[in-house]
Amino acid sequence: MGATHHTLPLPPRPSWVSARSPKIDPRKIRVVVPVYKDWEGLKVTLESLQALTPRPGAITVANDNEDTSVPNWLKSYPIQIVNYRNNRGPAYARNRGAENPGTTCDWIYFTDCGCEHVRNLITHFMNAQASSSESIIAVCGTVAGKGSGRINRYMTEMGILNPPFEQELGPRGEEIPQAIITANALVYAPVFHQLDGFSTAFGEAGGEDLDLGIRLRELGRLVYAPRAIVSHEFAEDLHDFQHRFERYGRANRLLEQVHKLPSLRPEPLKANPEFSDLAKLQIESLCSGYDEAQLANIVKFPARFLKRVALEILKV
């Protein structure tokens, strides 16, 4: 794909592996797709999943909307729907979809609304596992922008929704993911549940997948399947672009705190001159979101101050 790669400032990977997984069997893969308002995007994803060869064993849609009503056309798809009231965010939605007792699976495949998948996606996952010299617990694929618009081409060229990679290559010269991206990731189900899934502390769409991936990395090996490609349609809208990266900036600050990482406030990045304006807006928006989240932490009153205020109130 020729996309730009990025790296998180993480400690060295553990040299030991505590989790071992079975061979990927398509019949024992459950797909989980959260949906919030984007029903047309969900239709795109479901059509794409139906066309996979081989197909996964089950598909679960987590309805993360304010109410439990769904479009009538959804009933024509051979899927399971998990309903609950109120919008709870993608982390909660994926957890609910993954815990659905209606199917038995060894692996959970996470993807998003508006995604189209290469038809032999699962074969690429199986090949990545087979070529690994160690047992694996997650496989990450490639995420590209869809269409010829500038924002979609920028997202592809910069590898925005591809996983971060380790600085060093693997024993066979392969790139090793540090985390997962939920638009295109296959995760070993027992380890997912062992880690209690996605952290709902990440209330927005951003950072929850990196957080889970970092925790997965501590238990086993992640591998990359570059030809397992998902095309994700990004809105050709600068306001949407700006808000997306502000959200990612807030997530970076939380990720930094949760995992005690060095600062994740971004530095200027290099981009093709054609995209220099988008690169500038990306960094400005990331910094804005990061600074917003940092300020929110700074202005919180310490517990001892709140206790003193409470005691003064009781005296009145």
Side-chain angles (χ1 to χ4, degrees), residues 1-4 24 26-27 29-64 70-71 73-81 90 93-94 97-98 107-128 138-163 177 180-187 205-206 208-209 223-237 240-241 244 248 278:
M1 298 295 293
T4 301
I24 296 171
R27 297 168 299 180
I29 294 176
R30 183 197 311 168
V31 180
V32 174
V33 190
V35 58
Y36 173 62
K37 294 185 177 180
D38 189 12
W39 296 110
E40 288 305 309
L42 177 63
K43 183 183 290 187
V44 170
T45 298
L46 293 179
E47 286 293 324
S48 176
L49 293 171
Q50 291 292 302
L52 293 181
T53 51
R55 286 187 183 183
I59 299 173
T60 299
V61 171
N63 180 7
D64 193 40
V70 300
W73 58 258
L74 192 60
K75 299 173 185 177
S76 65
Y77 287 90
I79 63 174
Q80 299 163 319
I81 303 174
R94 293 189 185 100
W107 297 87
I108 306 170
Y109 176 63
F110 295 102
T111 191
D112 290 331
C113 291
C115 287
E116 292 184 348
H117 313 73
V118 293
R119 292 175 66 92
N120 55 348
L121 179 90
I122 294 176
T123 299
H124 289 307
F125 288 153
M126 295 167 68
N127 290 342
V139 188
C140 307
T142 297
V143 181
K146 184 163 54 177
S148 59
R150 289 186 73 241
I151 287 178
N152 279 272
R153 287 189 290 120
Y154 176 79
M155 299 294 274
T156 298
E157 180 167 317
M158 302 305 292
I160 300 299
L161 287 193
N162 285 342
I180 66 169
I181 299 296
T182 44
N184 189 13
L186 184 71
V187 180
E208 79 282 4
D209 45 4
V223 296
Y224 180 47
R227 297 175 63 190
I229 301 171
V230 161
S231 297
H232 190 296
E233 186 169 13
F234 300 95
E236 290 291 335
D237 179 277
D240 180 85
F241 183 90
R244 174 182 295 276
Y248 291 170
L278 292 178

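Note: hydrogens, waters and symmetry copies are ignored here, and every other heavy atom, side chains too, is used. Starting from 1, each residue takes its place in the sequence as its number.
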N152 CG to E233 CD distance, which is reported to the nearest 0.5 Å:
6.5 Å

Partners passing ring-ring contact (aromatic ring centres under 6.0 Å, His included) against F110 (at least two apart in sequence or in another chain)
F192, F198

So which atom in R153 and which in S148 form the shortest heavy-atom distance, rounded to 0.1 Å?
NE-O, 3.0 Å

Can you tell me if Y109 and N184 form a side-chain donor-acceptor pair at under 3.5 Å?
yes

At their closest point, which heavy atom of I108 faces which heavy atom of A98, and how far apart are they?
CD1-CB, 3.7 Å

Give a yes or no on whether the backbone of G57 and the side-chain of R30 come within a donor-acceptor separation of less than 3.5 Å.
no

My understanding is that only one of H117, K43, E116 makes a side chain to side chain donor-acceptor pair (under 3.5 Å) with S48; could you say which?
H117

Just wondering, do I160 and Y248 contact through their side chains at under 4.5 Å, heavy atoms?
yes

Under 3.5 Å, is there a donor-acceptor pair between the T60 and Q80 side chains?
yes

Let me see the working for F234 and D240 under side-chain contact (heavy atoms from CB on, under 4.5 Å), right down to the final yes or no.
CA-CA 9 Å; F234 300 95; D240 180 85; 5.7 Å; no

Residues two or more places apart in sequence or in another chain: which of them pass salt bridge (charged side-chain N to carboxylate O under 4.0 Å, His left out) with R227?
none

Enter the distance from L49:CG to L42:CG here, rounded to the nearest 0.5 Å.
9.0 Å

Are any of the side-chain heavy atoms of V31 and I79 separated by less than 4.5 Å?
no

Using a strict cut-off of less than 4.0 Å between a Lys/Arg side-chain nitrogen and an Asp/Glu carboxylate oxygen, indicate whether D237 and R244 qualify as a salt bridge.
no

Qualifying residues under ring-ring contact (aromatic ring centres under 6.0 Å, His included), relative to F241, sequence neighbours excluded:
Y154, F245

If you take all heavy atoms of H232 and C113, which pair is closest and at what distance?
NE2-O, 4.0 Å

Heavy atoms of D209 and I181 approach each other most closely as OD2-CA, 3.5 Å

Without swapping roles, check the side chain of D64 against the backbone of V35 for a donor-acceptor pair under 3.5 Å.
no

Rounded distance [0.5 Å steps], CG in L186 versus OG1 in T111
11.5 Å

If you round to the nearest 0.5 Å, how far is CD1 of I229 from OG1 of T142?
5.5 Å

One should read off an interatomic distance between D112 CG and L161 CG, to the nearest 0.5 angstrom, of 8.5 Å

How long is the straight-line distance from CD1 of I24 back to CD1 of I122, given to the nearest 0.5 Å?
9.0 Å

Compare every heavy atom of K146 with every heavy atom of G114, then report the nearest pair and how far apart it is.
O-NZ, 3.5 Å

What's the shortest heavy-atom distance between G141 and P163, and which atoms?
O-CD, 3.9 Å

